[in-house]
*Asks:* 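Can you read through this structure? Questions will come right after.
Chain letters run A, B, ... following the sequence lines, proteins first and then strands; every chain starts at 1. Values reported hereafter were calculated over all heavy atoms of this structure, with side chains retained and with hydrogens, waters and symmetry mates removed.
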Amino acid sequence: MRGFYVSSPEQRRKYMQVRYNFKEIEPKWQQYWEENRFYIVTEDESKPKYYDLEMFPYPSGNLHMGHVRNYAIGDVVARFKTMNGFNVLHPMGWDAFGLPAENAAIKHGTPPSVWTDANIANMKQQLKSLGISYDWTRELATCKPDYYKFTQWLFLKFYERGLAYKKKAAVNWCPSCATVLANEQVVDGGCERCGTLVEKKSLEQWFFKITDYAERLLQDLERLPGWPDKVKTMQRNWIGRSEGCEFTLAIAGTDDTISVFTTRPDTVFGVTYMVLAPEHPLVEKLTRGTPYQPAVDEFINRMKYLNELARTSSETEKEGVFTGAYAINPVNGEKVPIWIANYVLMEYGTGAIMAVPAHDQRDFEFARKYGIPVRVVIQPDGELLDGDQLSSAYEGDGRMVNSGEFNGLSSEEGKQKVIAWMEARKIGRGTVNYRLRDWLISRQRYWGAPIPIIYCDECGTQPVPYEDLPVLLPLDVEFRPTGESPLNYVDQFVRTACPNCGRPARRETDTMDTFVCSSWYYIRYTSPRAADKPWDKKAADYWLPVDQYIGGVEHAILHLMYSRFFTKVLYDMGLLSCEEPFTNLLTQGMVLKEGSKMSKSRGNTVSPEDIINTYGADTARLFILFASPPERDLEWSDQGVEGCYRFLNRVWRLVGDYADQVRNVEVPATFDNLPVADKELRYKTHSTIKKVSEDVEKRFNFNTAISSIMELVNTLYQYRENAVQNLAVVKEALDNLILLLSPFAPHITEELWRATGHQESVHLQRWPGYDEKALVKEEIEIVVQVNGKVRERAMVPANATGKELESIALSLDRIKEATSGKTVRKVITVPGKLVNIVVQ
RNA sequence: GCGGCAGUGGCGGAAUUGGCAGACGCACCAGACUUAGGAUCUGGCGGGUAAAACCGUGGGGGUUCAAGUCCCUUCUGCCGCACCA
């Protein structure tokens, strides 16, 4: 370790003299805070509440720098709010179900529960060594029966409401994790966790009906001014609302119909063909026994073996085959050919489209490839489009043409009129479609909350009665190398009695997606030991919603949308009083080293434990907050850490040197007739209070808050050079320095606070206010510009008017020089800032 | 392709409402103290010049007395979405 290498005992002794002993003071104060129950809170109606929450971690075994950043940010907020008189709830827990525990079990033979408990113990100790102000009495772990009992309880509530249902569906299957994935967990066609290419598999699975809430999830984003626009935009895109019209077309020569969804009913006269998704149920019926069947079957088979990515990428060339069937366009009675094509998806809309090549780029490309006519039915102003000449589709607005009775209408009017026309004939209606799909929550894994369902041959699917919860996960299970969930082999688990008829029945062996567990943990924290209900409503009503939520932007869609969904459902059930769980959201950036994300595979990780051992928790926290504003990525720098360590030592020496002198000094309420040097120190003290308060409260810009504290320290070092010093002014500066620094570096400030004569903990103090009078300056420096370039600076009375500034500026020697022989055309004055003289 | 964010010294970053570009820190240089320094303190530190002038916030154009900040255009990087009818 640089800085700690010393070669002789004398050197070591001298060395240690100038460095504070964090190894002694950090554990000392951590123990003191814990013994004195500093951070344990209860509901208190006399104070405003503040719920400060950081996303709880998966207990992988070790804290990484991203965690340290997350929790350091949260702790500054918690301590700052506490000092400002809020009753602050700041809890921590463990998102403890999940696949890594099973992988560890297979690899090392350790049961997932044992492995997880050990990891939690280790990480908890690491968190404690950071000195974060958590109320540990509220600790929870989602893998414990007293928690997942209520995850199951909530599942049953959803089931009762028809919001949990089972259906057979083509689902995303990760062959490596041997489980299904939610749509949200498929990234670029691969598994979010391991990257393996996802396959489609048809399985009976449990879903949560999040689509019922699509509109509210979208609308209520408006109610979240405290969220970053970026996250709201991502959620909006994910929900993917589009307004349009669904209508049916008859199939020529049959009694069958095809339903389609379109956002452009105004182009319906431009339909020159139809497309069904290859999986569309009508395809077989239309082609069976026809000369077209072999080609169609061949095409469908080929599509089946293409993975999702290749199939749905916009890069993929459009292709398709004609089915031999025709549909009747209801608006003009035309017969149009029905094709199947790769670019139409069964999952969206009705799985079938009307194709208008003149006004849809995808249809255009397909039509050109297969020689299908392109008919213009929308003409933009000042242009005359010709379907045969077009080089791309015209997707903009215009006037309807070739559209019978609708000719001349604008696209906007046309949409309304065509929908009305279809509604009048009962063949269609205006509808809204969402890209959002229902949330698939089944996982074919062991280490998760069992889905509380029983299958009885007589009674069918039966929910486990509430009084039988929790459905306990057996802890002694055998992992076989089949990749299959070991729950399937545990007879005592699978075999049960039907709650309805009492006959032998089987338990569901799938467990729930861990995102279910993390969708309600912030509620459980409000009454974590409630034994007969998931939470105490009074406690939840007192604390919720979370005032400040802090975590990585990687959860922008999944966790944050699921939690919003849960909150809305629970609100509708009357179990919660708020409709949105997180009032303010801060998405922190990543911690990088050498420009890329820290990861074991890259070998560029920095261990928080090592940093804490070498420099102490205060230094680690300070650096990570100082190096970059929280929402931006942070480049790790060992030298930067060193710099923060140096700064804390500088504070330590400064306060230490003054400690004996100021210990018994009283700071008066007002100061009168101070000399300039003392006034300037007071100005710095109070302007720093103001700056740090605003940076922390309004902007979360901890980096600039810390830099202004550094400036105060620099000013104090300079003041210390003065022969005559006012110890009351010094004490005022030191007290405030320690108070301002305390949320960032809680241990060293506690030690120094006591050293300067205070009996009570620094963390029980009020956040300092600033003295407006100390910020008033009689004289200030202004800048004098000629033609926008700085030519001189001048000290002027702080309250000088524009006119006065002008005459002062024009009387300055350098300005006279710079303007001599030129005509003054204009003088701009900004009181308190500058004068700009425009000359020709 | 669409949407969003960003681009400022050798580096991390600051400039909050259009008003002194580069706060603070790192690195570097010099001095002091010193048996010693990888400790500490003091000073310097965008380019340029003897000193000035002058140039400088990815590039080009514009608005303005004044632009890192506003407008147009363009390049680069990152993130999200991506055949969603």
*Asks:* Which residues within residues 264-276 of chain A lie with some heavy atom under 4.0 Å of an atom in RNA chain B?
*Replies:* none
*Asks:* Under the side chain to side chain donor-acceptor pair (under 3.5 Å) test, which residues partner A:Arg720, sequence neighbours left out?
*Replies:* A:Asp657
*Asks:* Can you sort out the partners of A:Tyr370 under ring-ring contact (aromatic ring centres under 6.0 Å, His included), two or more places apart, ordered by chain and number?
*Replies:* A:Trp339, A:Phe366
*Asks:* How many Å lie between CD on A:Glu711 and C1' on B:rG25, as a whole number?
*Replies:* 11 Å
*Asks:* If you measure from the C1' atom in B:rC72 to the same atom in B:rU63, how many Å do you get, rounded?
*Replies:* 10 Å
*Asks:* How long is the line joining CE of A:Met234 and P of B:rC5, in whole Å?
*Replies:* 14 Å
*Asks:* How would you list, by chain and number, every residue that makes a salt bridge (charged side-chain N to carboxylate O under 4.0 Å, His left out) with A:Arg564, sequence neighbours excluded?
*Replies:* A:Glu580
*Asks:* My understanding is that a pair needs two contacts under 3.5 Å, Watson-Crick or G-U wobble. By that rule, which nucleotide pairs with B:rA6?
*Replies:* B:rU76
*Asks:* What's the gap between B:rC70 and B:rC20 when it is taken at their P atoms, as a whole Å value?
*Replies:* 15 Å
*Asks:* Please measure how far the C1' atom in B:rA14 lies from the corresponding atom in B:rC24, and state the result in whole Å.
*Replies:* 8 Å
*Asks:* Return the value, rounded to whole Å, for the distance between atom CD of A:Glu721 and atom C1' of B:rU40.
*Replies:* 12 Å
*Asks:* Return a single string for nucleotides 60-69 of chain B, one symbol per nucleotide in 5' to 3' order, where B is base contact, S is sugar-phosphate-only contact and - is none, cutoff 4.0 angstrom on heavy atoms.
*Replies:* -----BS---
*Asks:* How far, in whole Å, is B:rA30 from B:rA15 if one measures between their C1' atoms?
*Replies:* 29 Å
*Asks:* In this structure, how many angstroms lie between the C1' atom of B:rA6 and the NZ atom of A:Lys230, rounded?
*Replies:* 10 Å
*Asks:* Between the side chains of A:Tyr615 and A:Glu642, is a donor N or O closer than 3.5 angstrom to an acceptor N or O?
*Replies:* yes
*Asks:* Which residues satisfy the side chain to side chain donor-acceptor pair (under 3.5 Å) test with A:Thr211, sequence neighbours excluded?
*Replies:* A:Asp438
*Asks:* Go through B:rU40, B:rA23, B:rC20 for me and flag the one nearest to the A:Arg653 side chain.
*Replies:* B:rU40
*Asks:* In whole Å, what separates the P atom of B:rG48 from that of B:rC41?
*Replies:* 30 Å
*Asks:* Could I get the full list of salt bridge (charged side-chain N to carboxylate O under 4.0 Å, His left out) partners for A:Arg814, not counting sequence neighbours?
*Replies:* none
*Asks:* If B:rG37 has a Watson-Crick or G-U wobble mate with both distances under 3.5 Å, name it; if not, just say none.
*Replies:* none
*Asks:* Would A:Arg375 count as a cation-pi partner of A:Phe269, with NZ or CZ less than 6.0 Å from the six-membered ring centre and within 45° of the ring normal?
*Replies:* no
*Asks:* Would A:Asp638 and A:Trp636 count as having a side-chain donor-acceptor pair, cut-off 3.5 Å?
*Replies:* yes
*Asks:* At under 4.0 Å between heavy atoms, what does A:Lys789 touch on the DNA or RNA strands: base, sugar-phosphate, or nothing?
*Replies:* sugar-phosphate
*Asks:* Can you measure A:His555 atom NE2 to B:rC79 atom C1' for me and round it to whole angstrom units?
*Replies:* 16 Å
*Asks:* Quick check for you: among B:rC20, B:rG19, B:rC24, whose closest atom lies nearest to any side-chain atom of A:Lys833?
*Replies:* B:rG19
*Asks:* Taking atom P of B:rG1 as reference, at what distance in whole Å does atom CG of A:Asn237 sit?
*Replies:* 18 Å
*Asks:* Can you check B:rG9 for me, syn or anti if syn means within 90° of 0?
*Replies:* syn
*Asks:* Scan for side chain to side chain donor-acceptor pair (under 3.5 Å) pairs involving residues 822-831 of chain A, sequence neighbours excluded, and state none if there are none.
*Replies:* A:Arg825-A:Gln840
*Asks:* Given B:rA85, B:rU42, B:rC24, which nucleotide is nearest the side-chain atoms of A:Arg650?
*Replies:* B:rU42
*Asks:* Report the residues that fulfil salt bridge (charged side-chain N to carboxylate O under 4.0 Å, His left out) with A:Glu697, sequence neighbours left out, ordered by chain and then residue number.
*Replies:* A:Lys81
*Asks:* At 4.0 Å (heavy atoms only), tell me whether A:Gly643 reaches a base, stays on the sugar-phosphate, or touches nothing.
*Replies:* sugar-phosphate
*Asks:* Report the residue (A:Ile557 or A:Gly351) whose heavy-atom-nearest nucleotide on RNA chain B is the more 5′ of the two.
*Replies:* A:Ile557
*Asks:* Select from A:Glu781 and A:Arg791 the residue whose nearest nucleotide in RNA chain B is closer to the 5' end of that strand.
*Replies:* A:Glu781
*Asks:* Rounding to an integer number of Å, can you tell me how far A:Met590 CE sits from B:rC5 C1'?
*Replies:* 13 Å
*Asks:* Are A:Thr350 and B:rA85 close enough that a side-chain N or O sits under 4.0 Å from OP1 or OP2?
*Replies:* no
*Asks:* Using only heavy-atom distances, determine whether the side chains of A:Tyr394 and A:Thr267 contain a donor-acceptor pair under 3.5 Å.
*Replies:* no
*Asks:* Who is the Watson-Crick or G-U wobble partner of B:rG12, with both distances under 3.5 Å?
*Replies:* B:rC24
*Asks:* What nucleic acid atoms does A:Arg236 come within less than 4.0 Å of, heavy atoms only: base, sugar-phosphate, or nothing?
*Replies:* nothing
*Asks:* Would you say the base of B:rC83 and the side-chain of A:Lys318 have a donor-acceptor pair closer than 3.5 Å?
*Replies:* yes
*Asks:* Using the P atom in both, what is the distance from B:rG37 to B:rC29, to the nearest Å?
*Replies:* 14 Å
*Asks:* With rounding to the closest Å, how many angstrom separate the P atoms on B:rG7 and B:rU16?
*Replies:* 13 Å
*Asks:* Can you build the contact string for nucleotides 8-18 of chain B? Use B for base contact, S for sugar-phosphate-only contact, and - for no protein heavy atom under 4.0 Å.
*Replies:* ----BSSSB--
*Asks:* With A:Arg19 as the cation and A:Trp652 as the aromatic partner, state whether NZ or CZ is under 6.0 Å from the six-membered ring centre and within 45° of the axis.
*Replies:* no
*Asks:* Would you say A:Ser242 and A:Asn433 are linked by a side-chain donor-acceptor pair, where the criterion is simply a distance under 3.5 Å?
*Replies:* no
*Asks:* Tell which nucleotide pairs with B:rA51, taking only Watson-Crick or G-U wobble pairs whose two distances are both under 3.5 angstrom.
*Replies:* none
*Asks:* Which residues satisfy the ring-ring contact (aromatic ring centres under 6.0 Å, His included) test with A:Tyr562, sequence neighbours excluded?
*Replies:* A:Trp439, A:Phe515
*Asks:* List for me each residue that meets side chain to side chain donor-acceptor pair (under 3.5 Å) alongside A:Arg791, sequence neighbours excluded, and say none if there are none.
*Replies:* none
*Asks:* Need one value for A:Thr262: base, sugar-phosphate or nothing, where a base atom within 4.0 Å counts as base even if backbone is also close, heavy atoms only.
*Replies:* sugar-phosphate
*Asks:* Please report the distance, rounded to the nearest Å, between CZ in A:Arg437 and P in B:rC81.
*Replies:* 14 Å
*Asks:* Ignoring the backbone of A:Gln639, work out which of B:rC26, B:rA85, B:rC24 is nearest its side chain.
*Replies:* B:rC26
*Asks:* Tell me whether the side-chain N/O atoms of A:Arg646 come closer than 4.0 Å to OP1 or OP2 in B:rG38.
*Replies:* no
*Asks:* With rounding to whole Å, what would you report as the distance between B:rU8 and B:rG47 at their C1' atoms?
*Replies:* 14 Å
